[in-house]
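Working notes, structure below.
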Amino acid sequence: MRAEWASSLSEDLHLDLRGPRLRDGLMEALRDAIRTGRLAPGAKLPSSRTLGADLGIARNTVAQAYAELVAEGWLTARQGAATRVAPRAEIAPAPTVPKPASRHRIVHDLRPGQPDLSAFPRADWLKAARRALAVAPDDAFGYGGPYGRPELREALAEYLARTRGVRAHPDQIMICTGTSHSLIVLAEVLKQRETPAVAVESYGLQVHRAHLAKVGLDTPQLPVDADGAMVERLNDLPDVGAVLLTPSHQFPTGVALHPDRRAAVVDWARRTGGLVLEDDYDGEFRYDRSPVGAMQGLDPEHVIYLGTTSKALAPGLRLGWMVLPPRIARVAAEIKGERDPHSGVLDQLTMAEFLTSGSYDRHIRAMRLHYRRRRDQLVAALAEHAPNTRVTGLSAGLQVLVDVPSGEEDAVVQGSAWQGLAMHGLGAFRHPDAPADRDALVIGFSTPSASAWSGALAALCRVLP
């Protein structure tokens, strides 16, 4: 290496060869020269004395940089021999990455499944985090167990009993990263129980069916009508050992499971030894009356309750929970412990404080008003500007089902995409074995931010028939 190359190197790479970062700058310059081929494998480097003099820096600084690069594998050095660039295999050219398929730019997002993220209670969450950290025991920051922090499980046991009618001891509650995580664990539990099939609603999330199918479970469908899933069909499905339901607010049709059917599915579980997986994804949000209690309270031994913060707070928190019968809890803990022994401790501690301080209740009350106004505005706007449509389902949750004229669903969804409006048709949630006998749109009115809501609503009215 010539002195001219050494001198120009720092100029070419805009290195600051002063202060405590001088050695790091020199190391990065040498790495870059090797990566780009300016220093070929086997090339001889000048001595630390020579390079130091050329660059006007201390010899020890160069020697330290050389030593670090030798340790990293960039250079080689032997006693009594010159320092050289380490030999390396030929670097294959990077594969050509195909350009993504052309997609329409999303201006307004009305897809369901996400709350108004601009309404996340940042200030109150930060206060809760500070209080939680101030009193957290030292062992909270160690390796946790599969059940999650006791502070959160105790807070959830009280909250769920008070607001959802759930009967559970903290030891029955297992913290997960969300409903999908809960289903992944439960799928393995059911597999160990040699359950051949899990019945699901004819409309629901494909990803939930996929978690069950991944371990070899069949997922026969139960038709959904105005009274929810037709659970009486379970009597005709002898291989089914469990059923996944959204009884408080069926997703995405928006109906509630009729009380007679609630009783019937619990009777089926008792009679057969089966399990009911109750997905209570948005149970706090009912606008025309107090929320209907969770089905788990009818029979905690046969109903597994699944909850999440994804709709009430934000999906990015990755916090959910299962309330498990004692006979299932041990097996679930073993399975979860093998794959994911514990969820994030800081968010668990913060959520516990958020619950016990009353901040969560206040947030739910505020968001209930917020979303009720949005739903009312949506219903009024469609009645005025889209008279050929009809909003169905409960006054609840974060989405509505809008019936459109027969044969119009796909055309509306595709036409909306051209105008930058993202939405899903009901067909996106239909079970593969369910008949396509209804045309409708699933409108997530919670998804837009507060500033984007009026524009999204106007755009929706323009594209509807």
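For the numbers below, each heavy atom of this structure counts, side chains included, while hydrogens, waters and symmetry mates do not.
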Donor-acceptor contact present, side-chain S182 to main-chain M322, <3.5 Å: no
Rounded distance [0.5 Å steps], CG in L222 versus CG in D225: 11.0 Å
Shortest non-hydrogen separation from D116 to S449 and the atoms involved: OD1-CA, 3.4 Å
Side chains of Q348 and M351 in contact at under 4.5 Å (non-hydrogen atoms): no
Separation of T219 OG1 from Q206 CD (nearest 0.5 Å): 9.5 Å
With sequence neighbours excluded, residues passing side chain to side chain contact (heavy atoms under 4.5 Å, CB included) with S180: V207, H208, H211
Main-chain N/O of R167 paired with Q296 side-chain donor or acceptor, under 3.5 Å: yes
Salt bridge (charged side-chain N to carboxylate O under 4.0 Å, His left out) against D227, all qualifying residues, sequence neighbours excluded: none
Residue pair L394, Y287: steps toward the side-chain contact (heavy atoms from CB on, under 4.5 Å) verdict: CA-CA 9 Å; L394 300 175; Y287 310 127; over 6 Å; no
Any side-chain heavy-atom pair of P315 and Q114 under 4.5 Å: yes
Within-4.5 Å side-chain heavy-atom neighbours: P325 and I304: yes
Spacing of L355 atom CG and T350 atom OG1 [to the nearest 0.5 Å]: 11.0 Å
Side-chain heavy atoms of R131 within contact of T356, under 4.5 Å: no
Heavy-atom check, side chain of K336 versus side chain of Y147, under 4.5 Å: no
W321/L152 under side-chain contact (heavy atoms from CB on, under 4.5 Å): CA gap, chis, key distance, verdict: CA-CA 10 Å; W321 45 85; L152 179 53; 5.6 Å; no
Ring geometry between F445 and Y371 (parallel below 30°, tilted from 30 to 60°, perpendicular above 60°): perpendicular
CZ (R233) with more than 12 external heavy atoms under 6.0 Å: no
Contact summary for L426 and V442, nearest pair of heavy atoms: CA-CG2, 4.0 Å
Side-chain (T308) to main-chain (G178) donor-acceptor, under 3.5 angstrom: no
Would you give me the side-chain donor-acceptor pairs under 3.5 Å for residues 185-199, sequence neighbours excluded?
residue, atom, partner, partner atom, Å
R193, NH2, G273, O, 3.3
T195, OG1, L190, O, 3.4

Contact list for residues 402-412, test side chain to side chain donor-acceptor pair (under 3.5 Å), sequence neighbours left out: R390-D403, D403-R438
Side-chain heavy-atom pair P220, D218 within 4.5 angstrom cut-off: yes
Heavy-atom donor-acceptor pair, Q250 side chain to T253 backbone, under 3.5 Å: yes
Rounded distance (nearest 0.5 Å) linking atom CD1 of I106 with atom CE of M423: 11.5 Å
Closest heavy-atom pair and its distance - Q221, S202: OE1-CB, 3.1 Å
Spacing of T447 atom OG1 and H108 atom NE2 [to the nearest 0.5 Å]: 13.0 Å
Polar contact flag, side-chain donor to acceptor under 3.5 angstrom, H363-D124: no
Heavy-atom pair with the smallest gap, counting every atom of S446 and R374: O-NH1, 3.6 Å
Minimum heavy-atom distance between W453 and Q377, given as atom pair plus value: NE1-OE1, 2.7 Å
Minimum heavy-atom distance between I173 and A168, given as atom pair plus value: CG1-CB, 4.4 Å
Check against side-chain contact (heavy atoms from CB on, under 4.5 Å), K127 and S359: CA-CA 10 Å; K127 291 177 184 177; S359 296; over 6 Å; no
Chi angles and distances behind the salt bridge (Lys or Arg N to Asp or Glu O under 4.0 Å) call for R270, D267: CA-CA 5 Å; R270 290 170 178 165; D267 287 343; 3.7 Å; yes
No-hydrogen, no-angle side-chain donor-acceptor test under 3.5 Å, E284 and T163: no
Pairwise side-chain contact, V135 with E353, heavy-atom cut-off 4.5 Å (strictly under): no
Atom pair CG (D376) and CZ (R373), whose distance is rounded to the nearest 0.5 Å: 9.5 Å
Test item: E278 side-chain N/O and V303 main-chain N/O as donor-acceptor pair under 3.5 Å: no
Sequence neighbours excluded, every pair satisfying salt bridge (charged side-chain N to carboxylate O under 4.0 Å, His left out) that has a member inside residues 311-335: R330-E334
Residue from V402, N388, L457 passing side chain to side chain contact (heavy atoms under 4.5 Å, CB included) with L382: V402
Exam field: side chain D109 to backbone R111, donor-acceptor pair closer than 3.5 Å: yes
Side chain Q399, main chain I443, donor-acceptor under 3.5 Å: no
Min side-chain heavy-atom separation L306-Y281 under 4.5 Å: no
Criterion side-chain contact (heavy atoms from CB on, under 4.5 Å) on R261 and E232, from CA distance to verdict: CA-CA 8 Å; R261 289 183 176 178; E232 61 273 15; 3.9 Å; yes
Pairing residues for R286 by the salt bridge (charged side-chain N to carboxylate O under 4.0 Å, His left out) criterion, not counting sequence neighbours: D288
Worked check of salt bridge (Lys or Arg N to Asp or Glu O under 4.0 Å) between R35 and E28: CA-CA 10 Å; R35 278 193 296 260; E28 184 54 36; 2.6 Å; yes
Over 12 foreign heavy atoms within 6.0 Å of CZ, R271: yes
